[in-house]
S.K.: 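Input: one structure, supplied below.
Each ligand, and each atom within it, is numbered from 1 in the order the structure gives. Bear in mind that the values here come from a model prediction, so they are computed numbers and not experimental data.
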Amino acid sequence: MTQFHYPDLQVCVLAAGKGKRMRSNLPKVLHKVLGRAMIDHVLHTVEALRPKSIAVVTGHASEKVREHVGQPVNLDWVIQDKQLGTGHAVQQCEKVIRDVRDVLIVCGDTPMLSAETLARLVDEHRASATDVTVLTAKPLNSFGYGRIVRDEKGNVTSIVEQKDATDDQRLIGEVSSGIYCVRHDVLFDLLHAIDNSNAQEEYYLPDIVPLALNAGQSVAAVAMDDSDEMVGVNDRVDLAHVEDLMQKRIIQDWQRRGVTIEKPDTVRIEASVSIGLDTTIQAGCYLIGATQIGDECKVGPNAVLVDARLDDRVNVYAFSHIHGAGVGSDTVVGPYARLRPGAALDEHVHIGNFVEIKQAVIGEGSKVNHLSYIGDSTIGSNCNIGAGTITCNYDGANKFETVIGDNVFVGSDTQLVAPVSVGDDATIGAGSTITRNVDAGGLTLSERTATQYFSDWKRPQKDKR
Ligand code: UD1
Ligand code: MG
């Protein structure tokens, strides 16, 4: 995102509304769009302006919003106890704003906004020396938005909300984005003058427009290039719509940056994912959370990556699931593999079909190709772990570790009963149940049958506390 610098600009983010139309226990601005809360999208955007400071107005479930956002240095929290309207919300910021030229007001429920558009609004507002500038758009469907009313000369005279608009006014295609840039030295006098004599009995921010004109101040509109940027989320239908729009934007952005995305309509790529050059994402993939993918990888079709890290030239074949795991360069995973949190694969590793790896390090060049479970383990380099190998890491109460050295060959259908270790260069014969440590080198077969091993064994009890 382009970075700007407006050291004499105050940003106010309005996020106090309950969002009744969302029908949710969660405050509206914490609902996620492509994995990131709406408020985070908006804060991310306004931070790129590098303003003097940002005030966020919260009210409904304010503690949840604050807990979620934390405390960035240049951010003031402002409480609006009762949600009496957008004008009233901005009024609450009066105490925290000082020594700025303009105040930029944005809503917390318009996550598609770009910093470029906001910067253009501020620049045009300043270049024309206007007192009150509103950002407008002409969306395909203007329902629900405040309509921009102009006089016969084309000057903006007022903004009329959907519920207050006459039938004729509802036909107006030009709407308010809810975003304003206002000179600081006029803003609060205007806000003190608004009343709530309207259909919703709210103190409407848009009412500063006629008030400014009455006071002899200037009002202008700046039109958005792309009306998708101002789509507001008021219910979950809007949420899905905005997610679609943002998904298209993110996918096209990656495509332009050198990523091939097949069947883009079937793919989900969340906002915080990153993807390297010449990587191909095939149909039906879900790339979620903090997933990072290197260069020249191939993923899919239908792979799910959650907080996963792939280095360069990794191949993740169909229907694999990688969550909280790291994969080294030139490694192959799947099809139908599952890497769970704490799985760390080195370079040139092969993980094949129906293999589950959890909390385990797999060393360079090692192969676990078929039908295995490797958990709480460390496997050295250049090992071959045969089909159906299981690390038996859990005795019903506690987890134990398996440690395997370098160049080890584990025959098919072997159970390694942890805690257990296997020395370098060892070979374990097929069908072995390994219950004692295996020395380096040489061939080891099950020394004891399972009947012998378990003859005096009692299942440990879980600590009930
Ligand atoms: C608002 C605008 C409308 C504009 C539209 C763009 C008003 C009266 N209407 O309508 O002109 O076209 O946005 O999306 O301004 N909020 C508070 N405190 C309150 C009320 C609202 O902080 O007392 C916050 C909400 O959390 C939300 C934002 O202000 O983030 C906008 O409120 P919302 O109820 O969504 O207004 P809209 O009906 O969308
Ligand atoms: Mg809204």
S.K.: Give a yes-or-no answer on whether the side chains of Tyr317 and Asn353 include a donor-acceptor pair shorter than 3.5 Å.
M.R.: no
S.K.: For atom 22 (O) of ligand 1, what's the nearest protein heavy atom and its distance?
M.R.: Ala16 N, 2.9 Å
S.K.: Quick check on contacts: which atoms of ligand 1 are under 4.0 angstrom from a heavy atom of Leu84?
M.R.: 23 (O)
S.K.: If I take every N, O or S atom of Thr110, is at least one of them less than 2.8 Å from the Mg ion (ligand 2)?
M.R.: no
S.K.: Under 4.0 Å from a heavy atom of Tyr204: which atoms of ligand 1 are those, numbered in the order shown and with their elements?
M.R.: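 This gives 8 (C) as the contact atoms.
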S.K.: So which protein heavy atom does atom 28 (C) of ligand 1 come closest to, and at what separation?
M.R.: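 Atom 28 (C) of ligand 1 sits closest to the protein heavy atom Cys107 SG, 3.7 Å.
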S.K.: Is it true that, when you exclude Tyr286 itself, more than 12 heavy atoms of the residues, nucleotides or ligands shown sit nearer than 6.0 Å to its OH?
M.R.: no
S.K.: Scan side-chain atoms only and decide if Asn198 and Lys163 contain a donor-acceptor pair under the 3.5 Å cut-off.
M.R.: no
S.K.: State, to 0.1 Å, how close Ser329 and Val314 come at their nearest heavy-atom pair, and which atoms those are.
M.R.: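 Closest pair (atom of Ser329, atom of Val314, distance): CA-CG2, 4.3 Å.
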S.K.: On the 0 to 90° scale, with breaks at 30° and 60°, tag the His323-His321 ring pair as parallel, tilted or perpendicular.
M.R.: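 It falls in the perpendicular class, over 60°.
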S.K.: Compute whether any side-chain donor of one residue and acceptor of the other, for Asn74 and Ser53, lie under 3.5 angstrom apart.
M.R.: no
S.K.: With distance as the sole criterion, is a donor-acceptor pair present between the side chains of His184 and Asp8 under 3.5 Å?
M.R.: no
S.K.: Determine yes or no for a side-chain-to-main-chain donor-acceptor pair under 3.5 angstrom, with Arg236 supplying the side chain and Arg23 the backbone.
M.R.: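 Yes; at least one donor-acceptor contact below 3.5 Å.
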S.K.: Identify which of Gln200, Arg21, Met38 has a heavy atom lying nearest to atom 37 (P) of ligand 1.
M.R.: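 Selected option, by shortest heavy-atom distance: Arg21.
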S.K.: For ligand 1, which atoms have a heavy atom of Gly146 less than 4.0 angstrom away?
M.R.: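 Matching atoms, with element in brackets: 3 (C), 4 (C), 11 (O), 12 (O).
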S.K.: Can you report which non-hydrogen protein atom sits closest to atom 21 (C) of ligand 1, along with the distance?
M.R.: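 Answer for atom 21 (C) of ligand 1: Thr86 CG2, 3.8 Å.
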S.K.: Specify whether Tyr203 and His88 have parallel, tilted or perpendicular ring planes, treating 30° as the upper limit for parallel and 60° as the lower limit for perpendicular.
M.R.: tilted
S.K.: Could you tell me the residue and atom name of the protein heavy atom closest to atom 23 (O) of ligand 1, and the distance to it rounded to 0.1 Å?
M.R.: Gly85 N, 2.8 Å
S.K.: Considering only non-hydrogen protein atoms, determine which one is nearest to atom 12 (O) of ligand 1 and report residue, atom name and distance to 0.1 Å.
M.R.: Ser176 O, 2.7 Å
S.K.: Salt bridge or not between Asp253 and Arg249? Use side-chain N to carboxylate O under 4.0 Å.
M.R.: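 Salt bridge flag = no for Arg249 with Asp253.
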S.K.: Please classify the Met230 to ligand 1 contact at 4.0 Å (heavy-atom distances, strictly less than): side chain, backbone, both or neither.
M.R.: neither
S.K.: Quick one about Tyr6 and Asp102 (side-chain donor to acceptor, distance below 3.5 Å, no hydrogens or angles considered), yes or no?
M.R.: no
S.K.: Would Gln162 and Arg147 count as having a side-chain donor-acceptor pair, cut-off 3.5 Å?
M.R.: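 Checked: Gln162/Arg147 side chains pair up, N/O donor to acceptor below 3.5 Å.
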S.K.: Within the 4.0 Å heavy-atom shell around Gly108, which atoms of ligand 1 are there?
M.R.: 30 (O)
S.K.: What protein heavy atom sits nearest atom 13 (O) of ligand 1, and how far off is it?
M.R.: Gly178 CA, 4.4 Å
S.K.: Name the closest protein heavy atom to atom 16 (N) of ligand 1, giving the residue it belongs to and the distance to 0.1 Å.
M.R.: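 Sorting protein heavy atoms by distance from atom 16 (N) of ligand 1 puts Gly17 N, 3.9 Å first.
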S.K.: So if I count the atoms of ligand 1 from 1 in the order they appear, which ones are less than 4.0 Å from some heavy atom of Pro206?
M.R.: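 Within the 4.0 Å cut-off of Pro206, ligand 1 contributes 7 (C), 8 (C), 15 (O).
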S.K.: Asp109: which N/O/S atom is nearest the Mg ion (ligand 2)?
M.R.: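 Result for Asp109 and the Mg ion (ligand 2): OD2.
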S.K.: Measuring from the heavy atoms of Asp109, does anything fall under 4.0 Å of ligand 1?
M.R.: yes
S.K.: Please say whether more than 12 non-hydrogen atoms of neighbouring residues, nucleotides or ligands are located less than 6.0 Å from NZ in Lys138.
M.R.: no
S.K.: Only heavy atoms of Ala89, strictly under 4.0 Å: list the atoms of ligand 1 that pass.
M.R.: 17 (C), 18 (N), 22 (O)
S.K.: For ligand 1, indicate whether the residue Ser177 contacts it via side chain, backbone, both or neither (heavy-atom separation under 4.0 Å).
M.R.: backbone
S.K.: Counting heavy atoms only, name the option from Lys28, Lys163, Glu161 that's nearest to atom 2 (C) of ligand 1.
M.R.: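 Closest candidate by heavy-atom distance is Glu161.
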S.K.: Please could you name the atoms of ligand 1 that Gln80 approaches to less than 4.0 Å, counting only its heavy atoms?
M.R.: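 So the atoms of ligand 1 that pass are 17 (C), 18 (N), 19 (C), 22 (O), 23 (O).
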S.K.: Just checking Leu140: does its CG atom have more than 12 heavy atoms from other residues, nucleotides or ligands closer to it than 6.0 angstrom?
M.R.: no
S.K.: Counting only nitrogen or oxygen atoms and a 3.5 angstrom limit, does Leu14 reach ligand 1?
M.R.: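 Yes - when backbone and side-chain N and O of Leu14 are compared with those of ligand 1, one distance drops under 3.5 Å.
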S.K.: Examine Tyr145 against ligand 1 and note whether any of their N/O atoms are separated by less than 3.5 Å.
M.R.: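 Min N/O separation from ligand 1 is not below 3.5 Å for Tyr145.
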